[in-house]
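Since the model is a prediction, treat every value here as computed from it, not as a measurement. In listed order, ligands and their atoms are each counted from 1.
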Amino acid sequence: MEKYIELLKRYWVNLSLPKSIEVIDIIQILLIAVFVYYVMLWVKSTRAYTLLKGLMMVVVFLILAYLLHMDVLIWIFTNLGVVAITALIIIFQPELRRALEQLGEKNMINSLLRFDNTKVEEWKISDTTINELIRAAYDMGEVKTGALIVIENNVILREYEKTGIPLDSVLTSQLLINIFEHNTPLHDGAVIVRHNRVVAATCYLPLSDNLTLNKNLGTRHRAGVGISEVSDALTIIVSEETGNVSYTLGGKIYTGAAPNELREQLYKLQKKNPGDETGRKRWRGRVKNAEKIHK
Ligand SMILES: Nc1ncnc2c1ncn2[C@@H]1O[C@H](COP(=O)(O)OP(=O)(O)OP(=O)(O)O)[C@@H](O)[C@H]1O
């Protein structure tokens, strides 16, 4: 133990402020801070977030291995480093390309100087959108119209959106019902919802290869599970065969969901806290209100 304390002390002594700080140093610090901020935003809005949590575990394990002098393990990890970095670049190639494209598109000054929280509010889906989604899903269920509706959360689904036809329309139940109407040009595939808008229809989603899924579930349900395995989106599925409404989240499928159960999940997407007293009262009020609308 004393050895580690001695090591820390030596490290601490070596840490000292530079004798003089030039303007260029401050500029460099600011640039690094902006860079780290954007990398963190990127990580949060892509699949990299889940991977980062796994990487943290590996780093903790490596520190332990270093402290306990597990030399063979350290040697293996050091030699695998270059391969691992190459693998990461290949896995995240679409996200990295998109990040660089965004860098070119972005008005950096505007986004840096945005001090109000309007963006955060815009980001959430509204109560009206939730009511419209519930109404559309259960109305389509009644007449057995198949539907697949992906509601984006933190992970941006741009690469899946690109596989479909762009719409960018305000979400209403009538629009969704119209999109999924049989034998219409937009009815095939999935709809992607961002904020309160339907951004694209006929999108192609990755199919899940989870072998434990019920064999009676076809590709619509598998696509719903698939997108929930690679993102934090909530996906509503209406079965054309049974009229049942299901949803997928975090790689799991919840079949035959009741309207209130689905509504509860959608409220969670809004990131409002229903745990506190006022929140709970408001939530109950909203459920009653929504039940009236659905009737
Ligand atoms: N990868 C995919 N991405 C998006 N939509 C898909 C995908 N695969 C299938 N679909 C949609 O699912 C429809 C086929 O559904 P299928 O009958 O195979 O599934 P299911 O899970 O049995 O659903 P249902 O109970 O509605 O019949 C396709 O017409 C298409 O609209």
Side-chain angles (χ1 to χ4, degrees), residues 46-47 50 91 93-95 98 125 132-169 171-195 197-259 261-262 265-266 269:
T46 62
R47 290 179 292 162
T50 332
I91 293 169
Q93 187 257 340
E95 279 89 355
R98 180 69 202 141
I125 54 168
E132 295 295 311
L133 280 165
I134 299 276
R135 194 203 298 247
Y138 289 91
D139 282 1
M140 286 190 279
E142 259 170 44
V143 292
K144 296 193 176 167
T145 301
L148 187 55
I149 307 165
V150 184
I151 300 127
E152 188 183 84
N153 195 358
N154 289 311
V155 175
I156 308 297
L157 304 173
R158 206 84 69 186
E159 54 189 297
Y160 303 105
E161 179 192 333
K162 280 186 190 161
T163 63
I165 296 168
L167 286 182
D168 194 22
S169 317
L171 188 152
T172 60
S173 55
Q174 292 88 342
L175 175 70
L176 288 174
I177 292 169
N178 228 307
I179 287 175
F180 289 108
E181 187 60 40
H182 301 276
N183 302 327
T184 54
L186 297 178
H187 86 284
D188 221 8
V191 144
I192 295 183
V193 175
R194 177 174 305 134
H195 308 187
R197 303 180 77 82
V198 174
V199 288
T202 73
C203 300
Y204 184 80
L205 307 179
L207 294 179
S208 167
D209 48 18
N210 184 342
L211 297 175
T212 63
L213 283 182
N214 186 336
K215 298 284 179 289
N216 294 328
L217 299 175
T219 49
R220 197 192 310 275
H221 291 82
R222 277 200 175 267
V225 178
I227 192 73
S228 77
E229 286 169 350
V230 297
S231 73
D232 56 354
L234 186 145
T235 302
I236 303 173
I237 306 156
V238 185
S239 168
E240 197 176 308
E241 227 170 279
T242 61
N244 277 345
V245 177
S246 311
Y247 67 89
T248 61
L249 194 64
K252 291 204 179 100
I253 183 159
Y254 302 85
T255 41
E261 189 187 338
L262 181 58
Q265 292 302 327
L266 288 165
L269 282 193

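- A donor-acceptor distance shorter than 3.5 angstrom exists from the side chain of Thr248 to the backbone of Gly224, with no hydrogens or angles considered.
- Expressed to the nearest 0.5 Å, how far CZ of Phe180 lies from CG of Asp139 amounts to 14.0 Å.
- For the pair Cys203 and ligand 1, a heavy-atom separation below 4.0 Å is found.
- Distance remark: protein heavy atom not present below 4.0 angstrom from atom 17 (O) of ligand 1.
- Aromatic ring pairs are classed by plane angle as parallel below 30°, tilted from 30° to 60° and perpendicular above 60°; the pair His187 and His182 is tilted.
- For atom 21 (O) of ligand 1, the nearest non-hydrogen atom of the protein is His221 ND1, 2.6 Å.
- Nearest to atom 31 (O) of ligand 1 among the protein's heavy atoms is Asp188 OD1, 2.7 Å.
- Residue contacts with ligand 1 for Ser239 involve both N, CA, C or O and side-chain atoms from C-beta outward (heavy atoms, distance under 4.0 Å).
- Polar contact check, Glu240 against ligand 1: a nitrogen or oxygen pair lies under 3.5 Å apart.
- Ranking the protein heavy atoms by distance from atom 3 (N) of ligand 1 puts Leu205 N, 2.9 Å first.
- Summarising the contacts of atom 9 (C) of ligand 1 with Thr219, Ile227, Val191, the nearest heavy atom is found in Thr219.
- Nearest approach of Tyr204 to Tyr160, heavy atoms of both residues: O-CD2, 3.8 Å.
- Taking all heavy atoms of Ser246, Gly189, Gly164 into account, the minimum distance to atom 5 (N) of ligand 1 is reached by Gly189.
- Residue contacts with ligand 1 do not include Gly146, since none of its heavy atoms lies under 4.0 Å from the ligand.
- Within the 3.5 Å criterion, the main-chain N or O of Ser239 finds no donor-acceptor partner in the side chain of Asn244.
- Counting only heavy atoms of the protein, atom 27 (O) of ligand 1 lies nearest to Glu241 OE1, 3.6 Å.
- The closest non-hydrogen atom to atom 11 (C) of ligand 1, taken over His187, Arg222, Arg220, comes from Arg220.
- For atom 7 (C) of ligand 1, the nearest protein heavy atom (residue, atom name, distance) is Ala223 CB, 3.9 Å.
- Remark: the backbone N or O of Glu181 is paired with a side-chain donor or acceptor of Thr184 at under 3.5 angstrom.
- Listed by atom number, the atoms of ligand 1 under 4.0 Å from Gly218 heavy atoms are 19 (O), 20 (P), 21 (O), 22 (O).
- With hydrogens and angles ignored, the 3.5 Å screen pairs no side-chain donor or acceptor of Arg222 with any backbone N or O of Leu207.
- Heavy atoms of Leu207 found under 4.0 angstrom from ligand 1 belong exclusively to the side chain.
- Within the model, atoms CG of Leu133 and CD1 of Ile149 stand 6.0 Å from one another, a figure rounded to the nearest 0.5 Å.
- Within ligand 1, counting atoms from 1 as listed, the ones closer than 4.0 Å to a heavy atom of Tyr204 are 1 (N), 2 (C), 3 (N).
- Under the 3.5 Å distance criterion, the side-chain polar atoms of Glu132 are left unmatched by any main-chain donor or acceptor of Leu171.
- Annotation: Leu148 places no N or O atom under 3.5 Å from an N or O atom of ligand 1; distance criterion only.
- Distance CD1/Ile125 to CG/Asn153: 9.0 Å, rounded to 0.5 Å.
- The structure places CG of Leu217 at 10.5 Å from OG of Ser208, a figure rounded to the nearest 0.5 Å.
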